[in-house]
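This chain uses plain numbering: 1 for the first residue, then up along the sequence.
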Amino acid sequence: MAAQPLKGILATVGDTPLVELERLSADLGLRVLAKIEKFNPGGSIKDRSALSMLREAVRTGEVVPGRTTVIESSSGNLAIGIAHICRYLGVRFVCVVDARTTEQNLAILRAYGAEVEVVTEPDPVSGDYLPRRLRRVAELAAAVPDSYVPGQYDNPFNPRAHLRTMREIDEALDGAVDYLFCAAGTTGTLGGCAAYVREHALPTTVVAVDAVGSRLFGSPVTCPRLIPGHGAAVVPALLDPAAADRVVHVGDLESVVGCRRLVDREAVLAGGSSGALVAALEKLAPELPAGSCCVLILPDGGDRYLDTIYSDAWVGRHFGDVAHLWSGPAAPDTARTPPATTVTGPATTATTAMPTQRRAPLVDHRTW
């Protein structure tokens with residue numbers, strides 16, 4: 001089937017702003033920029049993945065408006081991205097979420113017409129909700145005729161969406177990106193951006209930011225995680241350990257401190273994984289060459305975390321009186337876990353440069 005032009009609200013996915021974070025830059029002696037993905041129409045970077053996966057499914061006939069039911073597991077942002085696209089296309093969407101999904105996200109999903117199933121009990125082995133969500137998706141897919149599961153953890157069109165994400169950054173900075181910080185969950189953003197960096201031989205060190213307690217990159221400890229968006233209890237099929245040149249593990253409290261510092265210093269209200277990126281940058285900053293250009297891909301906004309990360313009462317219940325941390329250096333997550341660690345990734349160290357030869361640009365992304 002021939003590609004069709006993007007239409008309506010779907011044409012606004014991508015081309016998000018790249019913003020200079022001047023105060024953080026001054027604090028750290030680095031040039032720090034943020035790719036602010038909350039400006040996608042569904043409010044997060046997951047709009048890119050959702051559009052990429054569903055566009056391909058429509059092209060191949062796996063998704064047919066008026067006939068197909070899309071079924072997927074998500075902790076929030078991908079669900080909203082898919083719900084938004086399915087509403088535009090006229091496709092039924094059943095989403096499996098879990099007890100950590102906020103009431104605001106549930107309300108957004110229902111406003112888009114999604115049917116929501118909430119998994120209320122975690123997997124007894126891992127202690128995480130994801131394994132049970134995935135099992136429930138499989139059960140529904142077996143029971144619902146003409147169903148389609150995008151499968152964000154193994155669908156190659158998830159990382160493929162982020163060839164464009166990195167291209168936008170590359171073109172805005174003319175290839176002068178020394179360090180790229182990506183939150184790792186499905187590893188779609190990480191994999192797609194790393195693939196672009198390698199294809200175009202950019203001199204960019206790719207830093208994966210994982211959660212303490214995650215199974216992705218060998219967390220130093222096993223523990224429950226409060227903040228969704230980075231880390232995973234199941235190792236995704238998409239994970240390529242070589243995609244990351246460096247890996248930084250960040251704990252829940254460190255993510256909260258990073259979020260609060262981001263809004264305090266830059267007036268950027270961002271989600272939990274964005275705070276993890278700020279914490280990871282602060283961990284690495286002492287060993288980075290002065291003036292290095294560091295880009296953080298901020299996956300979503302903080303408006304969906306007002307009852308958690310930005311609630312003093314919630315923070316106090318889980319971490320105690322930690323308000324003094326907002327304006328100082330990032331603190332280790334000692335309230336819940338041992339300090340997060342920085343480890344060298346499987347590819348190169350942070351100081352390894354790559355050749356600067358450039359290749360031809362990717363195909364035009366503005367086609368359906």
Side-chain angles (χ1 to χ4, degrees), residues 21 23-37 45 179-185 189-190 205-214 216-221 223 225-232 244-288 292 294-302 305 308-310 314-315 318-320 322-345 350:
L21 302 182
R23 294 179 177 86
L24 280 183
S25 295
D27 291 345
L28 300 173
L30 305 166
R31 186 186 183 197
V32 183
L33 300 100
K35 185 73 164 163
I36 303 185
E37 291 296 303
I45 196 168
Y179 299 90
L180 178 76
F181 288 73
C182 296
T189 304
L190 172 66
T205 296
V206 178
V207 181
V209 179
D210 195 9
V212 172
S214 165
L216 293 178
F217 289 99
S219 170
V221 297
C223 63
R225 293 178 292 114
L226 291 174
I227 298 175
H230 60 293
D245 300 307
R246 298 290 300 269
V247 176
V248 182
H249 285 96
V250 174
D252 284 332
L253 177 55
E254 291 175 307
S255 297
V256 171
V257 172
C259 285
R260 296 294 190 106
R261 187 163 8 261
L262 193 57
V263 73
D264 178 67
R265 300 293 290 144
E266 298 286 352
V268 174
L269 191 71
S273 52
S274 298
L277 296 176
V278 172
L281 174 65
E282 291 179 330
K283 285 174 178 287
L284 288 189
E287 64 183 83
L288 303 185
S292 295
C294 303
V295 175
L296 316 180
I297 301 179
L298 306 188
D300 63 357
Y305 303 84
T308 55
I309 291 168
Y310 295 100
W314 184 89
V315 172
H318 291 287
F319 306 107
V322 293
H324 62 284
L325 299 176
W326 307 157
S327 58
D333 195 9
T334 53
R336 287 175 50 80
T337 67
T341 59
T342 302
V343 300
T344 301

Original post:
Considering residues at least two apart in sequence or located in another chain, which fulfil the side chain to side chain contact (heavy atoms under 4.5 Å, CB included) criterion with Ala276?
Top reply: Val209, His230, Val250, Ser255
Original post:
At their closest point, which heavy atom of Tyr310 faces which heavy atom of Cys259, and how far apart are they?
Top reply: OH-CB, 3.4 Å
Original post:
Partners of Thr308 by side chain to side chain contact (heavy atoms under 4.5 Å, CB included), sequence neighbours excluded?
Top reply: Tyr305, Trp314
Subject >> Distance-minimising heavy-atom pair for Gly185 and Leu216 >> reply: O-CD1, 3.6 Å
Original post:
Would you say the side chain of Leu30 lies within less than 4.5 Å of the side chain of Leu281, judging by non-hydrogen atoms?
Top reply: yes
**OP:** Mark yes or no for whether Ser292, through its side chain, and Leu288, through its backbone, hold a donor-acceptor pair below 3.5 Å.
**Re:** no
Subject >> Note, Arg246 side chain near Thr205 side chain (heavy atom, < 4.5 Å) >> reply: yes
Original post:
Backbone N or O of Gly213 within a donor-acceptor pair of the Ser219 side chain at under 3.5 Å?
Top reply: yes
Subject >> Check: Leu180 and Ile297 side chains under 4.5 Å, non-hydrogen atoms >> reply: yes
Subject >> Option among Val315, Val212, Leu226 that satisfies the side-chain contact (heavy atoms from CB on, under 4.5 Å) test with Asp252 >> reply: Leu226
Subject >> Taking every non-hydrogen atom, the tightest pair across Ala183 and Gly229 >> reply: CB-O, 4.5 Å
Original post:
What are the two closest heavy atoms between Thr189 and Cys182, and how far apart are they?
Top reply: CG2-SG, 4.2 Å
Original post:
Do Leu262 and Leu269 have side-chain heavy atoms sitting under 4.5 Å apart?
Top reply: no
Subject >> Residue pair Leu298 / Lys35, side-chain heavy-atom distance below 4.5 Å >> reply: no
Subject >> Check: Phe181 and Leu284 side chains under 4.5 Å, non-hydrogen atoms >> reply: yes
Original post:
Backbone N or O of Gly251 within a donor-acceptor pair of the Glu254 side chain at under 3.5 Å?
Top reply: yes
Original post:
About how many Å separate NE2 of His318 and CD1 of Ile309, when rounded to the nearest 0.5 Å?
Top reply: 11.0 Å
Subject >> Heavy-atom closest pair, residues His249 and Val247 >> reply: CE1-CG1, 3.9 Å
Original post:
With a 4.5 Å heavy-atom cut-off, do Val256 and Phe319 have their side chains touching?
Top reply: yes
Original post:
Testing Val268, Leu296, Val257 for side-chain contact (heavy atoms from CB on, under 4.5 Å) with Val278, which one passes?
Top reply: Leu296
Original post:
Which atoms form the tightest heavy-atom contact between Glu282 and Arg261, and what is the distance?
Top reply: OE2-NE, 2.9 Å
Original post:
To the nearest 0.5 Å, how far apart are CZ in Arg265 and CG in Leu24?
Top reply: 7.0 Å
Original post:
Does any non-hydrogen side-chain atom of Pro299 lie less than 4.5 Å from one of Leu277?
Top reply: yes
